[in-house]
Amino acid sequence: MASVHFVFLLFLFSGGTGPAWAAKVLLMGPSGSHWLNLVYLAEGLIRRGHEVVSLVPSNLYDSQLKALNSPIRQKIRLEKYQVPVEGDVFDRMMQLQVQFSLGDAEDFSAFRFAKMVFDSLDDAVSFGRVECDVLLHNRDLMSRLKAMNFGIVIIDPVTYCGHIVARILKVPLAITATPGIATFHLSQASQVPVPIATYYCHRTGFVQSLKNLANHVMMAMMVSLMTRNIDSLASGALGYQVTFAELSAETDLFLNREDSIVYPPHPLMPNMVQIGGYQVQNASPLPKDLEDFMEASGDAGVVILSFGSYAKAMGRRKAEMVAAGLARVPHKVIWRFQGQRPKNTGENTLLMSWIPQNDLLAHPKTRLFITHCGINAVYEAMFHGVPMVRVPAFAEQHGNSDNLETLGTGVTLDIFTMTSDDLYEAIMEVANNKTYKSAAVRLAQLQRDQPQSPMDRAVWWIEHVIRHGGLPHLKSAARHLSLLQYHLLDVAALLCAAGVVVVLVLWLCCRCCCRCCCRVLCGKKTVAKQKQQ
Ligand SMILES: *[C@@H]1O[C@H](CO)[C@@H](O)[C@H](O)[C@H]1NC(C)=O
């Protein structure tokens, strides 16, 4: 009996530490925060004993290398390939977008700025195509990849080339999608129309509907721009006619970086798994100097400010404004800041070029978080029950902020118009009004109350795909249908035709009968007439 228990315990523990088998996983993504999101996933997979390989263009290597700052992350094997374009095009595009909101408005006219953004987007799109072409024609690399026998390819949606690579390698494909782009995948993969009016925000109403539609149209335009001309590239590389929409619908697994707390509930396919907050980890102790700083804040506590990994684009004037607002609050402040120290920086403010954000948010002295509402920052604050002052800057951050506003976890400031007084008042309001903290704690409790952590869920699903060599049974049968078939127009046409035939036959029968009757009656009449004569 005891030995049975022992074996059972052994089984339990082996389940907790890693699978009995190890697979090879291929990652593909651009730089910056997109790359970081893949690295988080890689950490979860490496902890489970899997081998992770990432394809990186050699010219992005430096910016990507920075994220590999721990022994576990350094286990990601980098497969480099030469791309004939200088510099990090994707990073430049992202920087420019952030500059619009965080930069000083007087630096550019709106028109010039729009043109710059469009040009940079165009550059990034062209670069994506060049990169993909070079990669697919690198026979050496492709045959090396083939020989590695990957169990799955996991891509960021920006790296659409991954669809083709997975097909060439004959390996199942997973996509880690941001909330904004998930709408696109939902409609591609399932043919289910996205409920635009209620998809983007818990709040409903006319203005919100307009915002939602604008958001949706912008996303659709972005995706179609990014995937422009990929059909020919894919068909050429695969040797048969195929469209990007078809490739995209064949994705085995969608790991959506969202949940149904921050985002309104909406329909999902069974191969679409919500992993919002998967990167949040249990807190580690702070370094001694930071811990001392936190403790020295006394009862007032500490305010944490971070505008995310692209915040080095912040303009001088805006930085001075923020510094002045922070200098007035009775709390201590830790500000993730890169660049020249603003003159208005107060005694209470500590500037750091990088912060252990998750550990700081988990600290009991932390009173509130000033954030740009990047989705990862949102989940870290949410997980630790920290109320927020939200200053959304670009992309899906405005949508994240709108949703959080309806959930009552803090107040929102407008990045374009805010003053140092606004910032001061917002901090004081969120720090002193208990409703924000209690709303934040409620969200934390909801988020933690799940049968498995989002990371465990992500890893389980990835292993599930690998174990079964793809999940064709979970893909919507509708992906093979044309619009005409999807809406049953072919069936409707047949039914209509059948109806017409039936009516026609009935009509002919009636006419026939009538004629016969007529003839019989007329015949009788003539007979009668003849008799009378
Ligand atoms: C606290 O905040 C809530 C939500 O914004 C508001 O309804 C309430 O009036 C505030 N309480 C005080 C005392 O300001």
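Position 1 is the first residue of the sequence; numbering continues from there. Each ligand, and each atom within it, is numbered from 1 in the order the structure gives.
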Aromatic Phe293 / basic Lys332 pairing, under 6.0 angstrom, 45° off normal: yes

Identified side chain to side chain donor-acceptor pair (under 3.5 Å) partner of Asn358 from the options Gln281, Glu380, His384: His384

Heavy-atom protein neighbour under 4.0 angstrom from atom 2 (O) of ligand 1: yes

For atom 6 (C) of ligand 1, the protein heavy atom that lies nearest, with its residue and separation: Asn433 ND2, 4.2 Å

Residues Glu320, Asn344; criterion side-chain hydrogen bond (donor to acceptor under 3.5 Å, both in side chains); working and verdict: CA-CA 6 Å; Glu320 292 294 353; Asn344 294 338; 3.2 Å; yes

Audit row: His331, Val302, side-chain contact (heavy atoms from CB on, under 4.5 Å) steps and yes/no: CA-CA 5 Å; His331 318 93; Val302 180; 6.0 Å; no

Protein contact of atom 5 (O) of ligand 1 - nearest heavy atom, named by residue and atom, plus distance: Tyr436 OH, 3.0 Å

